[in-house]
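Note that the structure is a prediction, hence the values are computed from the model and not measured. Below, read A as the first sequence line, B as the second, and so on, with proteins coming before strands; counting in each chain starts at 1.
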4 protein chains.
Amino acid sequence: MPDQTYSDARAGPGRRRSEPTRLAILDAAYDLVVRKGYAAVTTAEIAAAAGAGKQTIYRWWASKPALVLDALQHRGEVEIDPEFPSDQPLSSFFQRVCAAATRAAPVLRSLMAEAQFDTALRAELKARLIERRRDALRQTLIRAGITDLRQREALVLALYGAVWYRLLLDEPLDDAFIAAMIELARPAGSGSD
Amino acid sequence: MPDQTYSDARAGPGRRRSEPTRLAILDAAYDLVVRKGYAAVTTAEIAAAAGAGKQTIYRWWASKPALVLDALQHRGEVEIDPEFPSDQPLSSFFQRVCAAATRAAPVLRSLMAEAQFDTALRAELKARLIERRRDALRQTLIRAGITDLRQREALVLALYGAVWYRLLLDEPLDDAFIAAMIELARPAGSGSD
Amino acid sequence: MPDQTYSDARAGPGRRRSEPTRLAILDAAYDLVVRKGYAAVTTAEIAAAAGAGKQTIYRWWASKPALVLDALQHRGEVEIDPEFPSDQPLSSFFQRVCAAATRAAPVLRSLMAEAQFDTALRAELKARLIERRRDALRQTLIRAGITDLRQREALVLALYGAVWYRLLLDEPLDDAFIAAMIELARPAGSGSD
Amino acid sequence: MPDQTYSDARAGPGRRRSEPTRLAILDAAYDLVVRKGYAAVTTAEIAAAAGAGKQTIYRWWASKPALVLDALQHRGEVEIDPEFPSDQPLSSFFQRVCAAATRAAPVLRSLMAEAQFDTALRAELKARLIERRRDALRQTLIRAGITDLRQREALVLALYGAVWYRLLLDEPLDDAFIAAMIELARPAGSGSD
DNA sequence: GTATAACCGAGACGGTACGTCGGGTCTTTGG
DNA sequence: CCAAAGACCCGACGTACCGTCTCGGTTATAC
């Protein structure tokens, strides 16, 4: 299933949307942002790198951050856990979350930053990224024996909160961090890992 | 301790920096950002509102975000807990943190966002805001009976992480949130609220 | 022959330069300079008056004076003598020169002034204004019976020199001035007017 | 007679104007303008070069061009002919005029240019430079046998007009130019030089 | 001597224009 | 109707310079 909403089964006449161009734009956007940072990348630059015109970008995406969000999702880095309802234990789940977040760090940080100035983007970001990740973690926590709903929600905020917090502040999501956070999530009374 | 770094003890001749102007700029910056949002405020606008020249801003601050960080700190909103080494229990400490963060939310969010595009600002933000807050929380946690260093650090990341996470995503720092997070911090084995 | 140098015969795709905008800018520039004086007119003001963006001006003209030179030439005021190789007698030729120069005085003075600070503009001014006028006068002098080349060149400098001299010093190019200068140009030995 | 208007015979107390500073400013102004061109020189730069403060300049001169005009006159370059009512023949008088104008060309050109945007400066320029030169030339023409007032005035405009015209257009005031202009001034019927 | 006042260098100040840059729209030619 | 190219409007940016104001400090009279 494609990660965009437009249906290609258009009826009317006219040229169809070029799939190669769409992919080239997404790739160029992702690569440039990771390499040079979001703010240093211009729409014109992405278009040029993709061999596309600026208008082709704005025909299909509402704005630069919307494009970058799409690019992130398309690259699948965001699919921190591709097989969505994962049945892995919490520690390895969280490990994968951190690894993926580290890889996509420049894009994630830019998006969160832009989302502060752009309500629509913020909504998109929450719907397409944040909420999906929360759901996956909730499932994992249930399987890990966190039966109390309230505690589960608290842990969702604590774990993802800490991940973003460190990401945004340039602090590494290293093993020590991962271990410390996992320990927080241990159900009361459980003796060992 | 004053909130500015420049030393006022200049030796040489020449007109001194105008303190009224400095204060007017900081006030104008803070008020405009809170009222209209960071991105909608221009340097020229701040200067005009302060009855100052644009150059006077650029003479003393490296950029708009640097100014806003100063303005935030000056306004003391950042002093989430003015009596720094607080001896209050964790729950009321965290309550005050959340209340202050809610008040200054537009400024905090803008600064964190800009810091993603500006390394120097990020360093400033960490040194002048993030680290101070962490220290205060560490003290409070010690007094709350969290004796394990590692657990304490994990809680610092979890609590502040969750605060920022919700702040940046426009989710309220309400009583339910506060209660849930406090519960996480209860030392293992402590039986009740 | 059009008064612009850019070749409109572009091959490739892309939006064409907007002719209405070009004309609006030239008109706005000319009118504003005549009305308010060169130094009091800003690029932004010209752009606004023309309903154009500042960037559109800087895309096509190197600087404010370059634009004003173009505007002057476009307005045809510069065509002090539109039917270029004129066959009118010297006195009426010079009369027309003075009348046109008086009309365009603010623009001419500003351009000559700016040309003192800008080598490229000076070259443009000489090529597109000064030399053309000199040629027209040379023709007229030949027809007026000034056969000696050296004397002709001296008269060219004397007549145009005096015109500019008085123009720049705010002295009128009135009938008395015209008559006195014409008398200078009378070929030696010719008895009467 | 000094070339400034302020009378030093002040009554009251207070420090007297520093003559060394005054001279240093005039020299710095003249040299910088000749070397770098008027537009490229700032008031602050002149002050620094003279080891003076900006305020010291603005205390005594109304503006940058006023200062430069003074500097020109002080340097005596403007005193094209120091022994004012000269009794030399026209050809050597004009030769000296051209030589002096060539030396001071950058300053003269800048002043004439600035005068286009500044009415007060234009008046000063005419009174202190233009009119004095015209008077000297009138005397010389009388002695050269140009008895007709009208013709004399025409020649004044023609000769100085041509000098300025060539100066402003970067054309040399060379021997050929001088000879051609002198010839124009030969009284009707006079056979040789 | 001791006030008083104008000077001096230094440099911050309010203001205005500059020329550049990027976002997002519009308009061509061509497929 | 889509695509590349690129001109367009808009508006913020940070810089530069102008001429003024304000420092601490330095001469000079005038008392």
Side-chain angles (χ1 to χ4, degrees), chain A residues 10 12-18 20-21 39-45 47-48 50-65, chain B residues 10-18 20-22 39-45 47-48 50-60 62-64, chain C residues 10-18 20-22 39-45 47-48 50-60 62-64, chain D residues 10-18 20-21 39-45 47-48 50-64:
Chain A
R10 283 202 304 86
R15 186 170 171 176
R16 294 302 178 274
R17 176 174 187 181
S18 158
T21 294
V41 173
T42 70
T43 343
E45 204 174 356
K54 251 198 328 175
Q55 185 60 16
T56 304
I57 290 180
Y58 282 104
R59 206 188 327 269
W60 301 108
W61 289 277
S63 62
K64 184 165 81 146
Chain B
R10 281 208 307 91
R15 186 174 177 173
R16 299 300 179 269
R17 176 172 185 183
S18 160
T21 293
R22 183 182 144 259
V41 173
T42 70
T43 337
E45 205 174 357
K54 238 186 346 165
Q55 190 59 251
T56 301
I57 290 182
Y58 285 108
R59 204 188 333 269
W60 300 108
S63 61
K64 186 165 72 150
Chain C
R10 281 208 306 91
R15 186 173 176 172
R16 297 300 178 268
R17 176 173 184 183
S18 163
T21 293
R22 182 183 144 259
V41 174
T42 70
T43 339
E45 205 174 355
K54 236 186 347 167
Q55 188 59 252
T56 302
I57 290 182
Y58 284 107
R59 206 191 327 273
W60 300 109
S63 60
K64 186 165 73 148
Chain D
R10 283 206 302 88
R15 186 174 175 175
R16 294 301 177 267
R17 177 173 184 182
S18 159
T21 293
V41 173
T42 69
T43 340
E45 206 174 355
K54 250 196 327 173
Q55 185 59 256
T56 303
I57 290 181
Y58 283 104
R59 209 190 325 270
W60 301 108
W61 289 276
S63 62
K64 184 166 77 147

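Between C/Arg59 and F/dC8, a side-chain N or O to OP1/OP2 separation shorter than 4.0 Å is present. Regarding contacts with the backbone of E/dG14, a side-chain N or O of B/Thr56 is found under 4.0 angstrom from either OP1 or OP2. Contact annotation: A/Thr43 reaches the phosphate of E/dG23 (side-chain N/O to OP1 or OP2, under 4.0 Å). A close approach under 4.0 Å does occur between a side-chain nitrogen or oxygen of A/Trp60 and OP1 or OP2 of F/dA3. Phosphate contact (OP1/OP2 of E/dA6, side-chain N/O of D/Arg16, threshold under 4.0 Å): absent. In this model, the phosphate group of E/dT25 is not approached by any side-chain N or O of A/Tyr58 to a distance below 4.0 Å at OP1 or OP2.
If you take OG1 on A/Thr42 and NZ on A/Lys64, they are separated by 7.0 Å, rounding to the nearest 0.5 Å. For the atom pair B/Glu45 CD and B/Thr43 OG1, the distance stands at 9.5 Å (nearest 0.5 Å). In this structure, A/Ser63 OG and A/Tyr58 OH are separated by 7.5 Å, a value rounded to the nearest 0.5 Å. We find the CH2-CZ distance between C/Trp60 and C/Arg17 to be 5.0 Å, quoted to the nearest 0.5 Å.
Of the residues near DNA chain F, C/Thr21 and B/Val41, the one whose nearest nucleotide (by heavy atom distance) lies more toward the 5' end is C/Thr21.
Rounded to whole Å, atom C1' of F/dC18 lies 14 Å from atom CD of D/Glu45. When rounded to the nearest whole Å, the span between CD1 of A/Ile57 and C1' of E/dG22 equals 13 Å. In this structure, C/Arg17 places its CZ atom 17 Å from C1' of F/dA5, rounding to the nearest Å. Atom NZ of B/Lys64 and atom C1' of F/dG14 are 13 Å apart (whole Å).
Contact between A/Ala52 and A/Thr21 at its shortest, heavy atoms only, is CB-CG2, 4.2 Å.
For B/Ala52, the side-chain atoms get nearest to E/dG14 when compared with the rest of F/dC13, E/dG14, E/dG9.
A donor-acceptor contact under 3.5 Å is formed by the side chain of B/Arg15 with the base of F/dC21. At a cut-off of 3.5 angstrom, counting only N and O atoms as typed in the model, there is no donor on one side facing an acceptor on the other between the side-chain of A/Lys54 and the base of F/dG6. No hydrogens or angles were tested; on distance alone, a donor-acceptor pair under 3.5 Å links the side chain of B/Gln55 to the base of F/dA16.
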